[in-house]
Chemist: 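Sharing a structure here in structure tokens format.
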Amino acid sequence: MPQMTMVQALQDALRVALRDDPTVVVLGEDVGRNGGVFRVTEGLQAEFGSERVADTPLSENGIVGGAIGMALYGLRPVAEIQFVDFIYPAFDQIVSELAKMRWRSAGQYSCPVVVRAPYGGGIKGGLYHSQSPEAYFCHTAGLKVVIPSTPSDAKGLLLASLAGEDPVIFLEPKRLYRTLKEDVPEGRHTVPLSMARVARAGEQCTVLAYGAMVPVSVEAASSAAERGWSVEVVDLRTLVPLDSETVLESARKTGRVVIVHEAPRTCGFGAELAALVAERAITALQAPILRVTGYDTPFPYTLEHSYLPDAPRVLRAIEHVMAY
Amino acid sequence: MTPSPSAPPPPSTLQVLDIEGKARGTVPEIPPEDLIRLFRHMLRMRVLDQRMLSLQRQGRIGFYGTATGQEAAVTGSAYALRPTDWVFPALREMGVSLWRGTTIREIVCQLIGNRGDVLIGRQMPCHFSDRKVLTVAWSSVIGTQLPQAMGAAWAARILKHDTVCMGYLGDGASSSSDFHAAANFAGVYRLPVVFFCQNNQWAISVPLKLQTASESIAVKAVAYGFPGVRVDGNDVLAVIDATRAAVDRARRGEGPTLVEAVTFRMGGHSSSDDPTRYREADEVREWERRDPLQRFRSYLEGRGLLRAEEEPGWTQELNDEIGAAIQEAEALPPPGIETMFDDVYKEVPPHLEEQRRYALAMGEGQKVEGAFPL
């Protein structure tokens, strides 16, 4: 089994999809000749031609609106938004159109579009290359929101997203694009959506995380183990529709829940997770539910490492709930 | 500032029939039986609009937007398409679906939002879509359908189909960023799409001259590298001529065209607004003289294709058909609560299944009194 970074795994997924399915097309800014600013689409235009791997004008609403039209007509487009921070011109197309087309046409039309976008901080990207806007999309009925945290999952979840019939907002933790290499199955490898993964098993505390916060949480769990605490880390992988069973099962087992995300705290996805656990499992809890998140400020450039949750901050939260 | 009445179409505007219905330009080739079909369809739209507006006034449907005064632009543009072409409509193109085979009963059911509605009550009136005639679901957000029309045209080209996609817009939508994005992409990739603008002079209360400082809407195409043509939108023959040329050009692989049909919205933006608040009676009177139906009627009578005594019978038939459709549609129950949770996704996920069970247990909610807009 070949070893791949997340960038290589994503590229491999796109290559498999383009080879297997003639209706798959890739479009976005710089995705063709340049292979994408992060090189996710490198070599794909040379292999599949400029019609199926198309460089577009600099216009996010054109990219997503165009992808919607393609999908209505019968293609399976993968639209790349260069950084998720630039997705807002397409926000209207995503929330008003893409998300609602099936419902508002009573199933006559559907839009199996995958919108891929790098997200998150930790790369010295400053305010407009670092944000985590997943909550906006989670709040919109009709979208699926998928966030991988490993190369193997990145490939499997992208191929599963492309095989589905619903629109998917596929957010890629760009900070993890090249930090880890692991074995990635060759060919058509899929990881089902809406199925969380226990990234590290434990008995006394549950940490719920996704994307780049998964390795941070695993590191915190390892430190906690040195202090004798057994911490379970659940990698959500799909935020919507959420695998609430795995979340609740873990919460009921451990009785303590810490939620980690780099997006701002207020109305972040953590609030939804906390409400879910409180509504369904509060009688199993021994401690308050804690959130470790980005702050309710814009994303800072120089101070990004103070903004982003890190293993010591997660450990502090674990410490806090373990005191109960 | 009181806007001055909209100017009559300038000389550069393509016209076949003058306002008296006399042929001044080259008449496009159209079989006589089609000329009658076109006229009867325009009549059908006019009568349907009258009846539906009155249904709205009686409180039997919530909202309605007429296309009165725009029947030639709607019908002529629809005529230029093949049944396999795709339509991305805006608010006033229900007549396009009707031309392509949607039935009056289906339209009335949509306006009521009952169980017989293809859209099972999910959208406001006049937000129709019908897959069997390849018209795509419209939202209320202005201009969003245009990049989609462009994308569908792109897909058709990739799949080597000879489909043409038609994206409709109004004058207001020509200010939206989606219009410019769609036109730009269409120009860059030379896509088989036609942007058909019904410039009816008013975007609710905002007149064209506050919408753009351009001499026309058609001229905007120049910046995107393809032709824009301006046509008298109340002259069905000119509309057919211009749209046909645009559709043929797209089908030949020569790229997009922007057709600006200069017309006028005789009624309000919708049943919810009162146009006397913002525009002068003189302007409306001027456009009454340009009425598309009267002009075409005069032309057909002049050619001996239409006899004055035929029309009342057709109108009666239409009224009977509409009356029967209303009666049938009003007898149908509203959609069941359980339907709300279908089609959000292909498969209903567990959290929606749970919400459905809850909603069914809660039953029918308390009716909220009020009409759109409050």
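Note that the structure is a prediction, hence the values are computed from the model and not measured.
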Chemist: In terms of heavy-atom pairs under 4.5 Å, which option from A:G65, A:S96, A:S244 contacts chain B the most?
Modeler: A:G65
Chemist: Heavy-atom cut-off 4.5 Å, strictly under: side chain, backbone, both or neither for A:L72 against chain B?
Modeler: both
Chemist: For the CE atom of A:M101 and the CG atom of B:D343, what is their distance to the nearest 0.5 Å?
Modeler: 13.0 Å
Chemist: Quick check: are there more than 12 heavy atoms from other residues, nucleotides or ligands sitting under 6.0 Å from OH of A:Y136?
Modeler: no
Chemist: Can you tell which of B:L146, B:I120, B:N184, B:V136 has the highest number of heavy-atom pairs within less than 4.5 Å of chain A?
Modeler: B:V136
Chemist: Could you give the distance from CD (B:Q148) to OH (A:Y73), rounded to the nearest 0.5 Å?
Modeler: 15.5 Å
Chemist: Using a 4.5 angstrom heavy-atom cutoff, name the option from B:A152, B:P349, B:S140, B:A153 with the most pairs to chain A.
Modeler: B:A152
Chemist: Identify which part of A:T56 has an atom lying under 4.5 Å from any heavy atom of chain B, answering side chain, backbone, both or neither.
Modeler: both
Chemist: Answer with side chain, backbone, both or neither: which region of B:E354 has an atom nearer than 4.5 Å to a non-hydrogen atom of chain A?
Modeler: side chain
Chemist: So does A:Y88 have more than 12 non-hydrogen atoms from other groups sitting under 6.0 Å from OH?
Modeler: yes
Chemist: Taking atom CD as the centre, does A:E245 end up with more than 12 heavy-atom neighbours from other residues, nucleotides or ligands that are less than 6.0 angstrom away?
Modeler: no
Chemist: Begin with the C-alpha distance, continue with both residues' side-chain angles, and end with the deciding distance and a verdict on side-chain contact (heavy atoms from CB on, under 4.5 Å) for B:L119 and A:Q108.
Modeler: CA-CA 9 Å; B:L119 308 182; A:Q108 294 180 94; 3.5 Å; yes
Chemist: At a 4.5 Å cut-off on heavy atoms, which part of A:A67 comes close to chain B: side chain, backbone, both, or neither?
Modeler: neither
Chemist: Between the main-chain N or O of B:T135 and the side-chain N or O of A:Y109, is there a donor-acceptor pair closer than 3.5 Å?
Modeler: yes
Chemist: Just by modelled atom types, is the A:E51 backbone N or O under 3.5 Å from a matching donor or acceptor in the B:W154 side chain?
Modeler: no
Chemist: If I measure from the heavy atoms of chain A, does B:D130 come under 4.5 Å with its side chain, its backbone, both, or neither?
Modeler: both
Chemist: Any side-chain heavy atom of A:S105 within less than 4.5 Å of one from B:R131?
Modeler: no
Chemist: Below 4.5 Å, heavy atoms only, C-beta onward: do A:R104 and B:H127 meet side chain to side chain?
Modeler: no
Chemist: Where does A:K100 contact chain B at under 4.5 Å (heavy atoms): side chain, backbone, both or neither?
Modeler: neither
Chemist: Any heavy-atom pair between the side chains of B:K346 and A:S110 that's under 4.5 Å?
Modeler: no
Chemist: For A:V25, is it the side chain, the backbone, both, or neither that has a heavy atom closer than 4.5 Å to a heavy atom of chain B?
Modeler: side chain
Chemist: Any idea which of A:P57, A:S194, A:P167 has the most non-hydrogen atom pairs under 4.5 angstrom with chain B?
Modeler: A:P57
Chemist: Return the CD to CD distance between B:Q145 and A:Q93, rounded to the nearest 0.5 Å.
Modeler: 9.0 Å
Chemist: Quick check on B:L159 against chain A: is it the side chain, the backbone, both or neither that has a heavy atom closer than 4.5 Å?
Modeler: side chain
Chemist: Quick check for you: to the nearest 0.5 Å, what is the distance between B:Y189 atom OH and A:L27 atom CG?
Modeler: 7.5 Å
Chemist: Between A:E97 (side chain) and B:T144 (backbone), is there a donor-acceptor pair under 3.5 Å?
Modeler: no
Chemist: Just verifying a value: how many Å separate B:S176 OG and A:D92 CG, rounded to the nearest 0.5 Å?
Modeler: 9.5 Å
Chemist: Would the number of heavy atoms belonging to other residues, nucleotides or ligands and lying under 6.0 Å from CZ of A:R188 be above 12?
Modeler: yes
Chemist: Should we say atom NE2 of B:H161 is surrounded by more than 12 heavy atoms from elsewhere, each under 6.0 Å from it?
Modeler: yes
